[in-house]
Amino acid sequence: MKTVIIGGVAGGATTAARLRRLDEKAEIVLFERGAHISYANCGLPYYIGGVIVERDELLLQTPESFKARYNIDIRIHSEVLKINVSAKTVLVRNGLTNEEYTESYDKLVISTGAEPVRPSLKNIDNERIMSLRNVADTDKIKNFILKNKPQKAVVAGGGFIGLEMVENLKKLEIETIVVEKAPQVMAPLDFPMAAIVHHHLNEKGIKLKLSVGVTAFEPVENRIKVLLDSGESIDADMVILSIGVRPEVKLAKEAGLKIGDLGGILVDEFLQTSDKNIYALGDAVEVFNPLTGKNALIPLAGPANKQARIVAGNLISGNKQVYKGSIGTSIARIFDLTVAATGVNSRILEKENIAHIQSFTHSNSHAGYYPNAAQMSIKINFDGKTGKLFGVQIVGQKGVDKRIDVFAQIIKSGGTIFDLQEFEHAYAPPYSSAKDAVNMAGFVAENIMNEQVKIIHWNAIEPLDRNEDFLLDTRTKNEFAAGHIAGATNISVDEIRNRLAEIPYNKRIIVYCAVGLRGYTAARILMQNGFANVYNLSGGYKTWWYATLNLKN
């Protein structure tokens, strides 16, 4: 059997290697239009910033080493121009000689990935405006910086890659401004969690222009002027476009393969396209999201590698291996913060009309009495009737990575908040707490489900009617003096039983503390002393403070 693979990197190269390990005699041809077939694309920003010093560290396999190890016909600088489904051939152009020729296949694998979005804006092709997708892009940006020594950059787009570039540009002492059309950075997060990232970026000297879009570019001598829809403009030495990616499906579409509503190639559970002889995987395809029951675009390296293994198996033994879909687990380091998400956020759940409860907790990375514990902010979305876990977001300095993996596995297994409570972890003071952050998220969620406490969220505080609502700060006097929500009355949780007379029975009582724990205790005291309408502010003052913080740049 002859298998032709279009595209390398995570999807195509992994498929080829797995296919060879399964069948030493298979004829395998891999076409890659660039010069590199296997590289660490997630590491590209860190090479630009100098964290990864040697460029060769990014190249996981060269064409020569890959061919030597796996005996695969590697053809770099070879762009597939057309797929002829009926003839089972591809038309290929050699990028070095411009020669075009036809190659036959028995089975075809499409791993064309996703391409950066480049809107039709005036002067967008200016040499000072760059995107980051591959090694060639990396070299272009790196060489531009070395040659021109830019002092100021604009990063258009506040996604994971954009913010990783921000950090690395900062390492090079380049003043950086982020322009983001949405009201927040990092789309997988809900706003209160993204607000923590906003504050941290601001602390690091990064200026944010949120809810602002780019309308055009104007060259000005040796600089580029970025025009914004707010009427403002920014003069910069360079621009990094990072406003998203879209599946690269031109070949598949022209071949008559079915394309989904989201713009990706449609595949079944075996990763087979609408043509039985063609498989597709990676960023180019739409994958099933088991949480929404619908297809999604999830351009991540982890799913692409897993899909590649399945495709190779199905090519050899028939369609026996099923891809169960992806819930979209992601993580990034943004300066001193680790930001992670898995499952679906509230925006998606609301769009899909999936009822859910949001809960915020703030837990230490390890035992608080052991030195250097750091607090993690955790948001979970779950079904208020069954407890099914829909999504989790974590922002913190330590311990985020291992917790998000636990949450992801529980969500992928169809787990509930009760599974969070029962999660058994390795505990010693330097690593965790006896009640781990995962457990605590489950305990708090159960209290909400069982109506041990009613919660209110940060965005419900401003509309409070002071004639109908009583805002109670249950922290200490010193904490209250350091900062509090306007209009709040301060009665410490430890004093509340002796000061019940100061709290009106005929109003709704909104209690809050620093992170929610003392507020919960205060709410339980009040509820069991005849106060019928008591709410605890989820996530406490900390969540409210970040979410209502107005950054001025």
Side-chain angles (χ1 to χ4, degrees), residues 44-45 48-49 113-134 136-170 172-187 191 194 197-198 201-202 204-250 262-263 283 297 299 334 550-553:
L44 300 180
I48 292 171
E115 58 186 346
V117 174
R118 290 183 70 87
S120 299
L121 300 178
K122 182 181 177 182
N123 294 315
I124 197 169
D125 293 325
N126 186 281
E127 64 179 5
R128 294 179 178 271
I129 303 169
M130 293 161 276
S131 298
L132 180 61
R133 181 193 184 191
N134 52 37
D137 294 338
T138 306
D139 290 339
K140 182 179 179 181
I141 296 170
K142 184 87 169 178
N143 292 334
F144 179 90
I145 292 172
L146 291 173
K147 178 181 177 181
N148 296 281
K149 296 180 172 48
Q151 300 297 305
K152 188 174 182 180
V154 169
V155 174
F160 281 66
I161 294 175
L163 294 189
E164 287 172 348
M165 277 301 303
V166 165
E167 177 181 349
N168 284 282
L169 291 172
K170 179 71 174 179
L172 298 174
E173 299 183 350
I174 300 173
E175 179 189 352
T176 306
I177 299 173
V178 177
V179 177
E180 171 56 60
K181 182 69 173 175
Q184 66 171 76
V185 300
M186 308 197 85
F191 179 80
V197 182
H198 297 166
L201 289 169
N202 201 247
K204 294 296 182 180
I206 305 301
K207 296 180 180 179
L208 295 178
K209 297 286 185 183
L210 301 174
S211 300
V212 175
V214 177
T215 58
F217 301 97
E218 286 185 4
V220 180
E221 295 181 350
N222 292 325
R223 307 193 87 191
I224 189 81
K225 181 177 292 224
V226 184
L227 305 181
L228 308 178
D229 59 15
S230 62
E232 301 173 272
S233 65
I234 305 170
D235 287 331
D237 299 304
M238 63 183 295
V239 174
I240 301 295
L241 277 183
S242 184
I243 56 178
V245 297
R246 58 185 166 215
E248 194 163 332
V249 299
K250 182 174 181 290
L262 301 177
D283 299 355
L297 296 173
I334 309 299
N550 291 316
L551 300 176
K552 298 185 184 298
N553 288 308

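In this chain, numbering begins with 1 at the start of the sequence shown.
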Exercise. Heavy atoms only: give me the nearest V214-A156 pair and the separation to one decimal.
Key: CG2-CB, 4.4 Å
For [Y], does its backbone N or O pair with a side-chain atom of [X] as donor and acceptor, under 3.5 Å?
X	Y	value
N168	I48	no
N148	P150	no
E221	R223	no
Q184	A194	no
Q151	K149	yes
S242	G157	no
R133	A114	yes
D237	K152	yes

Quiz item: Would K209 and V154 count as a side chain to side chain contact (heavy atoms under 4.5 Å, CB included) if you check the C-alpha gap in whole Å, the side-chain angles of each, and the deciding distance to 0.1 Å?
Solution: CA-CA 10 Å; K209 297 286 185 183; V154 169; over 6 Å; no
Any side-chain heavy atom of [X] sitting closer than 4.5 Å to one from [Y]?
X	Y	answer
R118	S131	yes
T176	M165	no
L163	V197	yes
L227	S233	yes
I124	L241	yes
E175	K207	yes
M130	L132	no
T215	L121	no

Just verifying a value: how many Å separate [X] [atom1] and [Y] [atom2], rounded to the nearest 0.5 Å?
X	Y	atom1	atom2	result
I145	M238	CD1	CE	4.5 Å
N143	T138	CG	OG1	10.5 Å
L169	I174	CG	CD1	5.0 Å

